[in-house]
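All heavy atoms count here, side chains included; hydrogens, waters and symmetry mates do not. Order of the sequence lines sets the chain letters (A, B, ...), proteins ahead of strands, with each chain counted from 1. Here the structure is a predicted model, which is why all the values come from computation and not from measurement.
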There are 2 protein chains.
Amino acid sequence: MKFDDKIPIYYQIKNYLYHEMLTGTLNPGDKLPAVRQLAVDLTVNVNTVQRALSEMITEGTIESQRGKGNFVTADTTRLAQLKEQLVMTQLAQVYEQLHALNLTDEEIIASLKRYIEQKGAGQNV
Amino acid sequence: MKFDDKIPIYYQIKNYLYHEMLTGTLNPGDKLPAVRQLAVDLTVNVNTVQRALSEMITEGTIESQRGKGNFVTADTTRLAQLKEQLVMTQLAQVYEQLHALNLTDEEIIASLKRYIEQKGAGQNV
DNA sequence: CCTAGTGTTATATTTTACTATTACACTATA
DNA sequence: TATAGTGTAATAGTAAAATATAACACTAGG
């Protein structure tokens with residue numbers, strides 16, 4: 001897996017796993033790949049995987065069972081909260097940045113629409 | 001100045017200076033504060049400021065004159081390009097992230113509108 | 001010419017993320 | 001009970017960012 005060298009790898013692993021958990025690749029209650037396997041898949045060290053997982057365990061989005069494996073929480077409410085939080089974080093970030101560049105609310109919305117239209121021309125989903 | 005410990009400081013300094021250059025605090029052709037003064041203002045080391053500046057000099061957004069100072073480029077076309085690029089980077093990032101969470105184009109736009117409305121309630125600009 | 005103000009560069013040190021490696025703890029099962 | 005598969009943790013080493021500090025190079029003005 002390729003990483004952005006401006007952001008800690010363990011942090012990007014968290015986002016990767018969030019993505020898997022929120023888009024159906026990993027469902028509530030599912031067992032995650034073994035840490036050593038994840039390390040191989042992502043071509044990083046086990047400790048780096050563990051650092052990402054331990055933060056997620058603290059957050060409650062993943063539950064660990066020693067000797068068995070790591071599991072996506074079965075608490076769908078918490079997962080919904082996680083998704084909402086990730087979306088809001090992204091929106092807040094783009095809004096703050098563009099607002100700081102003196103774009104008005106309307107210009108921010110318009111520029112996003114324009115971006116999506118341009119992008120959509122040729123590879124819609 | 002407070003920095004996000006997930007992103008290199010020199011990189012955040014670049015964004016800070018971009019902001020000053022694109023919102024009228026620093027106008028085309030303006031002289032920047034001396035590097036040592038910037039270091040004091042931002043509470044970082046001179047070398048860290050210099051690293052940010054040297055990248056911006058390479059990019060052509062800042063011009064250096066040894067013994068005199070650093071100056072915002074007078075090339076307003078280049079500054080306009082810079083702003084456009086920063087906006088596009090932000091839009092691409094938020095779009096990719098939200099799209100990766102399975103939000104449709106319409107949902108992405110709608111969620112941004114909702115975010116702005118909620119935010120606007122009480123502190124419009 | 002000298003001095004103050006400026007950009008530029010270099011060295012050594014500290015901190016953090018990451019890696020490599022090893023070991024330990026627990027579970028399931030043959 | 002032995003073994004394979006799992007999570008957890010500790011140690012030592014490497015690399016990059018940032019710091020502290022000093023020195024060098026150029027400009028302007030007295």
Side-chain angles (χ1 to χ4, degrees), chain A residues 1-18 20-21 26-75, chain B residues 1-18 20-21 26-75:
Chain A
M1 179 169 169
K2 66 181 170 67
F3 295 101
D4 181 344
D5 66 358
K6 295 276 191 311
I7 305 171
I9 292 175
Y10 77 90
Y11 196 79
Q12 298 180 62
I13 292 175
K14 284 178 66 176
N15 279 318
Y16 164 76
L17 292 174
Y18 285 151
E20 303 294 287
M21 292 160 59
L26 287 173
N27 292 300
D30 274 5
K31 180 178 173 182
L32 274 67
V35 289
R36 290 170 183 79
Q37 186 59 46
L38 271 177
V40 170
D41 294 346
L42 303 174
T43 58
V44 297
N45 189 271
V46 177
N47 289 320
T48 307
V49 172
Q50 192 65 28
R51 175 159 184 182
L53 291 178
S54 64
E55 288 195 4
M56 296 173 79
I57 291 164
T58 300
E59 293 164 1
T61 51
I62 283 185
E63 288 161 11
S64 166
Q65 295 187 34
R66 197 185 189 106
K68 291 186 179 177
N70 291 303
F71 300 82
V72 178
T73 181
D75 184 346
Chain B
M1 178 170 170
K2 68 180 170 64
F3 295 101
D4 181 344
D5 66 359
K6 296 275 189 313
I7 304 172
I9 293 176
Y10 77 90
Y11 197 79
Q12 298 180 63
I13 292 175
K14 284 177 68 176
N15 279 318
Y16 164 75
L17 291 175
Y18 285 150
E20 303 293 288
M21 292 160 59
L26 288 173
N27 292 300
D30 274 5
K31 180 179 174 181
L32 273 68
V35 288
R36 290 170 182 79
Q37 186 59 46
L38 271 177
V40 170
D41 294 346
L42 303 174
T43 59
V44 297
N45 189 271
V46 178
N47 289 321
T48 308
V49 172
Q50 193 66 27
R51 174 158 184 182
L53 292 178
S54 62
E55 290 196 2
M56 297 173 79
I57 292 165
T58 300
E59 294 164 2
T61 51
I62 283 184
E63 287 161 12
S64 166
Q65 296 187 34
R66 199 183 187 107
K68 291 185 177 177
N70 291 303
F71 300 82
V72 178
T73 180
D75 183 346

Ile62(A) CD1 to Tyr18(A) OH distance, which is reported to the nearest 0.5 Å
8.0 Å
Pairs where residues 46-59 of chain B contributes a residue and the test salt bridge (Lys or Arg N to Asp or Glu O under 4.0 Å) is met, not counting sequence neighbours
Lys14(B)-Glu55(B), Lys14(B)-Glu59(B)
For residues 2-11 of chain B, dump all side-chain donor-acceptor pairs below 3.5 Å to protein atoms at least two apart in sequence or in another chain.
| unit_1 | atom_1 | unit_2 | atom_2 | d |
| --- | --- | --- | --- | --- |
| Asp4(B) | OD1 | Lys6(B) | N | 2.8 |

Side chain of Asn45(B), base of dA18(D): donor and acceptor closer than 3.5 Å?
no
Using the side chain to side chain donor-acceptor pair (under 3.5 Å) criterion, which residues pair with Asn47(A)? Sequence neighbours excluded.
Asn45(A)
Counterpart residues, side chain to side chain donor-acceptor pair (under 3.5 Å), relative to Thr48(A) (two or more places apart)
none
Picking from dG7(D), dT19(D), dT8(C), which would you name as closest to the side chain of Ile9(B)?
dT19(D)
Residues two or more places apart in sequence or in another chain: which of them pass side chain to side chain donor-acceptor pair (under 3.5 Å) with Tyr16(A)?
none
For the student: nearest non-hydrogen atoms of Thr61(A) and Met21(A), plus distance:
O-CE, 3.4 Å
Euclidean distance, atom CG of residue Asp4(A) to atom P of dA17(D) [Å, nearest integer]:
12 Å
Sequence neighbours excluded, the answer for side-chain contact (heavy atoms from CB on, under 4.5 Å) partners of Ser64(B) is Ile57(B), Asn70(B)
Using a strict heavy-atom distance below 4.0 Å, which residues from residues 46-57 of chain A are in contact with DNA chain C?
Asn47(A), Thr48(A), Arg51(A)
Nearest 0.5 angstrom please: Met1(A) CE to Leu42(A) CG, how far?
6.5 Å
Figure out the OH/P separation between Tyr10(B) and dT19(D), and round it to whole Å.
13 Å
Using a cut-off of under 3.5 Å, enumerate the N/O to N/O pairs linking the protein to nucleotides 26-30 of chain C.
| unit_1 | atom_1 | unit_2 | atom_2 | d |
| --- | --- | --- | --- | --- |
| dA28(C) | OP1 | Lys68(A) | NZ | 3.2 |

The helix from dC1(C)-dG30(D) to dA30(C)-dT1(D): angle between its terminal axes, five pairs each, to 10°?
0°
With a cut-off of 3.5 Å and sequence neighbours excluded, list every side-chain donor-acceptor pair involving residues 30-41 of chain B.
| unit_1 | atom_1 | unit_2 | atom_2 | d |
| --- | --- | --- | --- | --- |
| Asp30(B) | OD2 | Asn27(B) | N | 2.9 |
| Lys31(B) | NZ | Lys68(B) | O | 3.3 |
| Gln37(B) | NE2 | Asp41(B) | OD1 | 2.9 |

Rounded to the nearest Å, what distance is computed from the CD1 atom of residue Ile13(A) to the P atom of nucleotide dT19(C)?
8 Å
For DNA chain C, what residues of residues 27-41 of chain A have any heavy atom nearer than 4.0 Å?
Arg36(A)
Hits for side chain to side chain donor-acceptor pair (under 3.5 Å) against Thr73(B), two or more places apart or cross-chain, chain-then-number order -> Glu63(B)
Quick one: Ile62(B) CD1 to dG7(C) C1', roughly how many Å, whole number?
12 Å
Rounded to whole Å, the CG-P distance (Asp5(B) to dT19(D)) equals 13 Å
Show the nearest heavy-atom pair for residues Pro28(A) and Ala74(A), with the distance to one decimal.
CB-CA, 4.1 Å
Looking at CG of Leu53(B) and CD1 of Ile13(B), how far apart are the two atoms once the value is rounded to the nearest 0.5 Å?
8.0 Å
